[in-house]
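Below is one structure, written out as structure tokens; comments come after it.
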2 protein chains.
Amino acid sequence: MKWDTLDEEQCSLSRTVAAVGDRWTLLILRECFLRVRRFEAFQSSLQITRHLLSERLKKLVRFGILRRVPYSEAPKRYEYILTQKGLDLYPVIMAMVHWGDTHMGDERGRPLLHEHKSCGKLFDPVMVCSECGEPLHAKQVHVHAGPGRKEAVG
Amino acid sequence: MKWDTLDEEQCSLSRTVAAVGDRWTLLILRECFLRVRRFEAFQSSLQITRHLLSERLKKLVRFGILRRVPYSEAPKRYEYILTQKGLDLYPVIMAMVHWGDTHMGDERGRPLLHEHKSCGKLFDPVMVCSECGEPLHAKQVHVHAGPGRKEAVG
DNA sequence: GATCTAAGTCTGAAAAAGGAACTGACTTGA
DNA sequence: TCAAGTCAGTTCCTTTTTCAGACTTAGATC
């Protein structure tokens, strides 16, 4: 598979994977949701090599997930801010964090707790059906070919 | 970062990323949710090299996400079935598919449609707060250190 | 004018991925 | 019964990525 043209793939997951489906990219996005915005801050909190960080940030900008915004004119300095497209990745990150909490946790308990400002409570993310509001389980979902494809990919 | 001991990391996302945070693994899991179970079937639908497929399947079994189950005694043949831990990755995959549908789609429309058997309707997955049931948005979530960690990682 | 900070770039070595042929145990069909 | 096919891998070699760390640029601070 040619990962550089994966965004032309027929399958939605492949396209998502092309954009954010590697280790560093996912960790960088986590930092973004924790309000990290600057090159040095990403680098020191992730211990990623500067070379790769630079590559990944460029890629995220190219995909429209981050915006590169100047915060100082002289010297020219930029920070990286999530676009709406980037903010919409929140369910992806939260789903992964929650799975990690549930299945890869250790005896110390979870590293972070999430509070929902709207209701004031500590919560877990739950994925539900947009139509009936019930929690989703793989076995209750049936897949149909959509207009974009005949084969079962998805 | 040493990816082979990432499951010992303090952060839940890192641990999830250690298990499923690479391109092929995510695509393999998609196939699993589409009821693919056998080596040859994964290989031909993904066009992954046999070598890598073999590696990734072993890793998923090691993490307890898939189970390697014999379906023929002579010759010995195995298939790979999602465990409960694996099934619990459904929200991760669905979140990625939905983001791809929304932000990386093309003019042809989405490749797959999902029907919720419980309510009979075509749906989108929505991530909500377990406490109040409202859809989650990054900006309405505040993060606290949990028992497992002091620093803000997540 | 030496040192510091931020945001990168460059380079050479190590690790991972890709491509394709090979193996082994059985089945099928002529 | 013998050749060809199937399935689940393994082996070998090449190409691509990643890693670790030094270097660069431009202005700011001591």
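In the text below, chain A, chain B and the rest are named by the order of the sequence lines, each starting its count at 1.
Defined by atom type and a distance below 3.5 Å, a donor-acceptor pair is present between the side-chain atoms of H116(A) and S118(A).
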Using a 4.0 Å heavy-atom cut-off, write out nucleotides 17-30 of chain D from 5' to 3' as B (base contacted by protein), S (sugar-phosphate only) or - (no contact). -SSB-B---BSS--

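Look at CD on E40(B): it is 14 Å from C1' on dG24(C), rounded to the nearest Å. The distance between atom CZ of R23(B) and atom P of dT16(D), rounded to the nearest whole Å, is 15 Å. Atom CD in E55(B) sits about 14 Å away from atom C1' in dA8(D), given to the nearest Å. In this structure, L53(A) places its CG atom 8 Å from P of dG8(C), rounding to the nearest Å. To the nearest angstrom, P of dA7(C) lies 10 Å from CZ of R68(A). We find that CD1 of I28(B) is positioned 12 Å from P of dG9(D), with the value rounded to whole Å. If you take NZ of K59(B) and P of dA16(C), they are 10 Å apart, rounded to a whole angstrom. Nucleotide dG9(D) holds its P atom 15 Å from the CG atom of L46(B), rounded to whole Å.
A salt bridge links R50(A) to E40(A): one of the charged nitrogens lies within less than 4.0 Å of a carboxylate oxygen. Remark: R15(A) does not engage D101(B) in a salt bridge, criterion side-chain N to carboxylate O under 4.0 Å. Look at R37(B) and E79(B) and you find a salt bridge, because one of the NZ, NE, NH1 or NH2 atoms lies within 4.0 Å of a carboxylate O, short of that distance.
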Apply ring-ring contact (aromatic ring centres under 6.0 Å, His included) to the pair Y78(A) and Y71(A), showing each step before the final yes or no. CA-CA 6 Å; Y78(A) 298 90; Y71(A) 70 90; 8.2 Å; no

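Among the heavy atoms of the strands lying under 4.0 Å from Y80(A) are primed sugar atoms or P, OP1, OP2 only; no base atom is included.
The aromatic rings of W99(A) and H103(A) sit tilted relative to each other, their planes meeting at an angle between 30° and 60°.
Look at Y71(A) and you'll find a side-chain N or O under 4.0 angstrom from OP1 or OP2 of dA7(C). The side chain of K58(B) contributes no N or O atom lying less than 4.0 Å from OP1 or OP2 of dA8(D).
A distance of 15.5 Å separates CZ in R38(B) from CD in Q43(B), rounded to the nearest 0.5 Å.
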